[in-house]
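Here the structure is laid out as structure tokens; the discussion comes afterwards.
Throughout, protein chains are lettered first and strands after them, A, B, ... in sequence-line order, and every chain is numbered starting at 1. Model, not experiment: these values are computed from the prediction.
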Protein chains: 2
Amino acid sequence: MRSRYDIQLRVPEVCRPSAMREGQINETIQEYIEGIYRLQQEVGRVATNEVAQYMGVSPASASIMLKRLAEMNLVEHTPYRGILLTDEGTQLAHQLLRIHRLTERLLTDIIGLPWNDVHDFACKLEHYIAPEIADKIAEALGFPATCPHGNPIDPTFDDGSWRLSDAVAGTDLLVIKITDERREFLEYIESLGLVPGAQVEVVSRTPFDGLIQINVDGKQHTIGPEVARYVWVKEPS
Amino acid sequence: MRSRYDIQLRVPEVCRPSAMREGQINETIQEYIEGIYRLQQEVGRVATNEVAQYMGVSPASASIMLKRLAEMNLVEHTPYRGILLTDEGTQLAHQLLRIHRLTERLLTDIIGLPWNDVHDFACKLEHYIAPEIADKIAEALGFPATCPHGNPIDPTFDDGSWRLSDAVAGTDLLVIKITDERREFLEYIESLGLVPGAQVEVVSRTPFDGLIQINVDGKQHTIGPEVARYVWVKEPS
DNA sequence: GAGCTTTTTTAACCTCATCTAAATTATACA
DNA sequence: TGTATAATTTAGATGAGGTTAAAAAAGCTC
Ligand SMILES: [Mn+2]
Ligand SMILES: [Mn+2]
Ligand SMILES: [Mn+2]
Ligand SMILES: [Mn+2]
């Protein structure tokens, strides 16, 4: 006898969540690789505890994950001497960073979201945008060079900028990029007018605490080194 | 003594995967709700086995999930009599369908992807596009009325169309929407020219097997009821 | 080199979402 | 009205990604 279960009920607009399959480069893995890449840019070789702290997990969890990443050939692990991304891992990080930044541009330039919102959204979306979509997005945007915060779409491109915290008094500089993309930080940066493309005059620097007196758009501000560290500048050409 | 772990390493461009938290409406839950909504549109009350078959999981898995959905107040479960979406579940399904269809429009109209690719991509992205982004997308697209396949952006809107499989011979009709959005199906539909907006003449119908002789753009085709079932038409006004 | 501190790993356990196999409940029909 | 069959649920397992607590390895300091 034919049961209801045997009848093929055809409702074809199917969507299934991609069950996390074994050994897949899923969202979690991607997030770790991106995090490790950023840490490595700052400090070189990365320690287990640094990954744990940055990813917001316990050192035990990070240890287990690093073991998995090493098995997947994405990081190279020398016990008690930290990790380094392999070529494959670096390539994956570059690919993700490109997609992330293109997505941010899409969200600001076409969808019309404010620049301080887009990082968090792009951070989720980046894992579900295939490289072929990213290529199409780049094309639709007219191949932009940077994300809305000034970071190069091509992560291997060296824009030659340096940190405003390293600038000396009496120079006129051009803001290139902001590398702290948290909503509140960008809000503060915007209130100072210190956005990519802006002109900054470094008026003076104080000794010991390294405060920087700047002049942007005719307005004077004093910022500390913890803010200036994430504002990258260059001599205007 | 200060250890390396105590030092706050500030690398602020943090991204973390949202660890699947208890009782959250995550991607999996959303996919089930969408699936149940589509099944309910076709057959009314939905049986556990139908959910299982549609979602591609075992009846045991579906049973467990339906229990959870009932606990979350998204479906109403009468034991051995199937389930029905609650108002809350229906509202969630509508919200997801709207975001899905807007995303498809974004992918075709702005990103430039072909109409037969966008369903699968939108199916992943829909879960990571906040309603506030969806509103912005709608605005950027000029508030489109339908997805690229003709389905209304507002899922509560009744476009008054019916299935081409129910059409009688000798009528001239307008294609409104296609409700099988699988890549290959849409490819076939396109090869027939049976896309939304096209004019179809129903030339004749055969008895018993219900084949339909149609005329689209001056070309004759014969299609079966399993294709015609997912092509929705209306009298041209 | 001994002994303490820091870092890393292992052990045991948790939730989510799946599975298979077995048990249970409802329905249909002789 | 029993009994076969179909539908559903429960039991017990798994892998991914997390937890805390404890063990082990490395690195300082004397
Ligand atoms: Mn991310
Ligand atoms: Mn950015
Ligand atoms: Mn989906
Ligand atoms: Mn569609």
Of the options [options], whose atoms approach the side-chain atoms of [X] most closely?
| X | options | value |
| --- | --- | --- |
| A:V57 | D:dT10, D:dT19, C:dT10 | D:dT19 |
| A:H77 | C:dT9, D:dT8, D:dG18 | C:dT9 |
| B:P59 | C:dT10, D:dT8, C:dC16 | D:dT8 |
| A:S63 | C:dC19, C:dT9, C:dT20 | C:dT9 |
| A:I64 | D:dT19, D:dT20, C:dT20 | D:dT19 |

Would you please confirm or rule out a distance under 4.0 Å between OP1 or OP2 of [N] and any side-chain N or O of [X]?
| X | N | answer |
| --- | --- | --- |
| A:N49 | C:dT6 | no |
| A:T48 | C:dT9 | yes |
| B:Y32 | C:dT18 | yes |

Rounded to whole angstroms, how far apart are [atom1] on [X] and [atom2] on [N]?
| X | N | atom1 | atom2 | value |
| --- | --- | --- | --- | --- |
| B:M65 | D:dT8 | CE | C1' | 17 Å |
| A:L69 | C:dT9 | CG | P | 12 Å |
| A:K67 | C:dT7 | NZ | C1' | 17 Å |
| A:E50 | C:dT8 | CD | P | 8 Å |
| A:N26 | C:dT18 | CG | P | 15 Å |
| B:L66 | C:dC16 | CG | P | 16 Å |
| A:R45 | C:dT8 | CZ | P | 12 Å |
| B:I83 | D:dT8 | CD1 | P | 10 Å |

Given A:N151, which of A:T146, A:D159, A:T179 fulfils the side-chain contact (heavy atoms from CB on, under 4.5 Å) condition?
A:T179

Please determine whether salt bridge (charged side-chain N to carboxylate O under 4.0 Å, His left out) holds for the pair B:D135 and B:R98, giving the CA-CA distance in whole Å, both sets of side-chain angles, and the decisive distance to 0.1 Å.
CA-CA 10 Å; B:D135 293 344; B:R98 185 179 105 96; 2.3 Å; yes

Can you see whether A:E181 engages A:Y230 through a side-chain donor-acceptor pair at a distance of less than 3.5 angstrom?
no

Side chain to side chain donor-acceptor pair (under 3.5 Å), that's the test. Do A:H127 and A:E27 meet it? Break it down for me.
CA-CA 6 Å; A:H127 311 290; A:E27 186 184 330; 4.6 Å; no

Looking across every strand, which nucleic acid part, if any, lies under 4.0 Å from [X] by heavy atom: base, sugar-phosphate, or nothing?
| X | value |
| --- | --- |
| A:S61 | base |
| B:G82 | nothing |
| B:A60 | base |

Can you tell if the side chain of B:Q40 reaches within under 4.5 Å of the side chain of B:E50, non-hydrogen atoms only?
no

